[in-house]
Amino acid sequence: MTELKNDRFLRALLKQPVDKTPIWIMRQAGRYLPEYRALRKQAGSFMDLCQNADLACEVTLQPLRRFDLDAAILFSDILTIPDAMGLGLYFSAGEGPRFQRTITSAADVKALPNPDPEGELQYVMNAVRTIRKELDGSVPLIGFSGSPWTLATYMVEGGSTKDFGKVKGMLYSSPIAMHLLLDKLADSVTSYLNAQIAAGAQAVMIFDTWGGALSPEAYKAFSLDYMQKIVSGLTREADGRKVPVVLFTKGGAQWLESMADTGCDALGLDWTINIADAKARVGDQVALQGNMDPCVLYSTPDVVSETAQKIVADFDGNTGHVFNLGHGIHQHINPDNVKVLVDAVHAVPLRK
């Protein structure tokens, strides 16, 4: 494999010293960039972009041409697995992702196939291989998946939800069916991420977007335990390098210690916790990724720069921090402010 020219991101995840705080941005390849909007219009649909390796590669590389980012992330969607299970993913204007069919019972779960990463999901692996080749060792490539609980939420609700009534209803009224679904999803996510690693992903991230909607007891039983199963089953070395694993539960700051105990390498943080407090709680057990509120990017360049510098200063060290937003970048952000952010993070001198 091509030698990696910038391994700052991987070194930080493994708690090794870095010269500058590495930065990448959740949803960095996407609709806040005019070149992305032009390409999506040309492609016809979001899934057309995802399923064409050359187009997915182009979208992945677009932000790297604009900004001095320290990692690329595969352009795809967290809902590829349930789509490959036959639920019929589609995108409705103004409503986000939807499914033609939903899961309502244990019988529905048992009927779900286990998708083959090099079969129904081969288009994702083709994209990974294409992106790795085009990156040519410039920065590492991140692979990802949704967590079992987050995937289950969409599969039961049929799309986005504000009250989680259907999926929580199943959790409490039919826990056996819910565990069957989550167990099947954990197996599928594990094989999916391992296939991404085999295809060239150099780090992987599990997005538990809806874990924060659960009670502490339900979070452990219906989200964390299944992420633990995934972490335990992942390939942790490829091409002679360790493959770091990042867990991110949005709204999950109260569970950092339990998340760190899964054996992951790093935890993603949203903006609801000070990064110094998070560091004090998990110590040297894991690296931390985060955690500026994406809405800061609506502000002035001075505010963006000052906020970023404060987060780096609050972490106070040159090992174990990857800068990121606390969730995905918003659609209407001015890309100029993203450059301000990236340059500001890199400019902060780190305490040895």
Side-chain angles (χ1 to χ4, degrees), residues 9 22-80 83 89-98 123-124 127-128 130-131 134-135 138-146 150 154 159-160 196 201 203-207 209-210 246 248 250 268 270-271 289-298 304 322-342 345:
F9 166 72
I23 176 172
W24 70 279
I25 296 169
M26 286 186 275
R27 294 184 187 155
Q28 67 187 25
R31 57 190 182 172
Y32 73 104
L33 294 176
E35 55 268 40
Y36 167 82
R37 294 194 295 271
L39 189 63
R40 170 157 178 182
K41 185 176 181 181
Q42 173 189 328
S45 74
F46 178 81
M47 288 306 293
D48 287 334
L49 283 180
C50 292
Q51 293 174 352
N52 182 306
D54 291 333
L55 294 181
C57 177
E58 170 60 21
V59 174
T60 299
L61 297 180
Q62 283 177 345
L64 300 178
R65 298 187 186 115
R66 277 182 175 257
F67 315 119
D68 187 21
L69 296 161
D70 295 290
I73 184 166
L74 164 70
F75 179 75
S76 188
D77 192 83
I78 64 169
L79 299 178
T80 51
D83 182 46
L89 176 65
Y90 68 99
F91 289 82
S92 181
E95 294 184 16
R98 307 288 301 175
Y123 67 90
V124 178
V128 172
T130 302
I131 296 163
E134 291 301 314
L135 283 172
S138 56
V139 294
L141 175 61
I142 306 166
F144 70 92
S145 174
T150 293
Y154 285 100
S160 300
Q196 290 184 38
V204 293
M205 183 163 171
I206 301 171
F207 286 89
T209 309
W210 301 127
V246 184
F248 173 61
K250 186 170 180 284
D270 66 18
W271 59 90
Q289 180 178 277
N291 64 331
M292 192 174 87
D293 185 339
C295 290
V296 173
L297 288 169
Y298 287 115
V304 171
V322 173
F323 195 99
N324 209 314
L325 303 179
H327 197 47
I329 189 169
H330 292 193
Q331 176 180 3
H332 301 295
I333 292 298
N334 183 344
D336 291 345
N337 269 355
V338 177
K339 185 179 189 310
V340 170
L341 171 64
V342 173
V345 169

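Numbering of residues begins at 1 and proceeds along the displayed sequence.
Nearest heavy-atom pair across Leu141 and Ile131 is CD1-CG2, 3.7 Å. Closest of all the heavy-atom pairs between Leu74 and Ala127 is CD1-CB, 4.0 Å.
Listed for the Arg98 side chain is no donor-acceptor partner under 3.5 Å among the backbone atoms of Tyr90. Asn324 places a side-chain N or O within 3.5 Å of a backbone atom of Met26 that can act as its donor or acceptor partner.
A distance of 5.5 Å separates CG of Leu89 from CE of Met47, quoted to the nearest 0.5 Å. The distance from the CD1 atom of Ile142 to the CG atom of Asp70 is 10.0 Å, given to the nearest 0.5 Å. Considering CD1 of Ile25 and CE of Met292, their distance stands at 7.5 Å, rounded to 0.5 Å. Put simply, CG on Leu297 and CG on Asp336 are 11.5 Å apart, with the number rounded to the nearest 0.5 Å. One distance of note links CG of Leu33 with CD of Gln28; it measures 9.5 Å at 0.5 Å rounding. To the nearest 0.5 Å, the span separating CD on Gln289 from CD1 on Ile23 amounts to 10.0 Å.
Applying the side chain to side chain donor-acceptor pair (under 3.5 Å) rule to pairs touching residues 49-62 yields Glu58-Arg65, sequence neighbours excluded.
Here Phe144 and Phe248 keep their ring centres 6.0 angstrom or further from each other.
With sequence neighbours left out, Tyr298 forms a side chain to side chain contact (heavy atoms under 4.5 Å, CB included) with Cys295, His330, His332, Ile333.
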Stepwise side-chain contact (heavy atoms from CB on, under 4.5 Å) check, Arg66 with Val338: CA-CA 9 Å; Arg66 277 182 175 257; Val338 177; over 6 Å; no
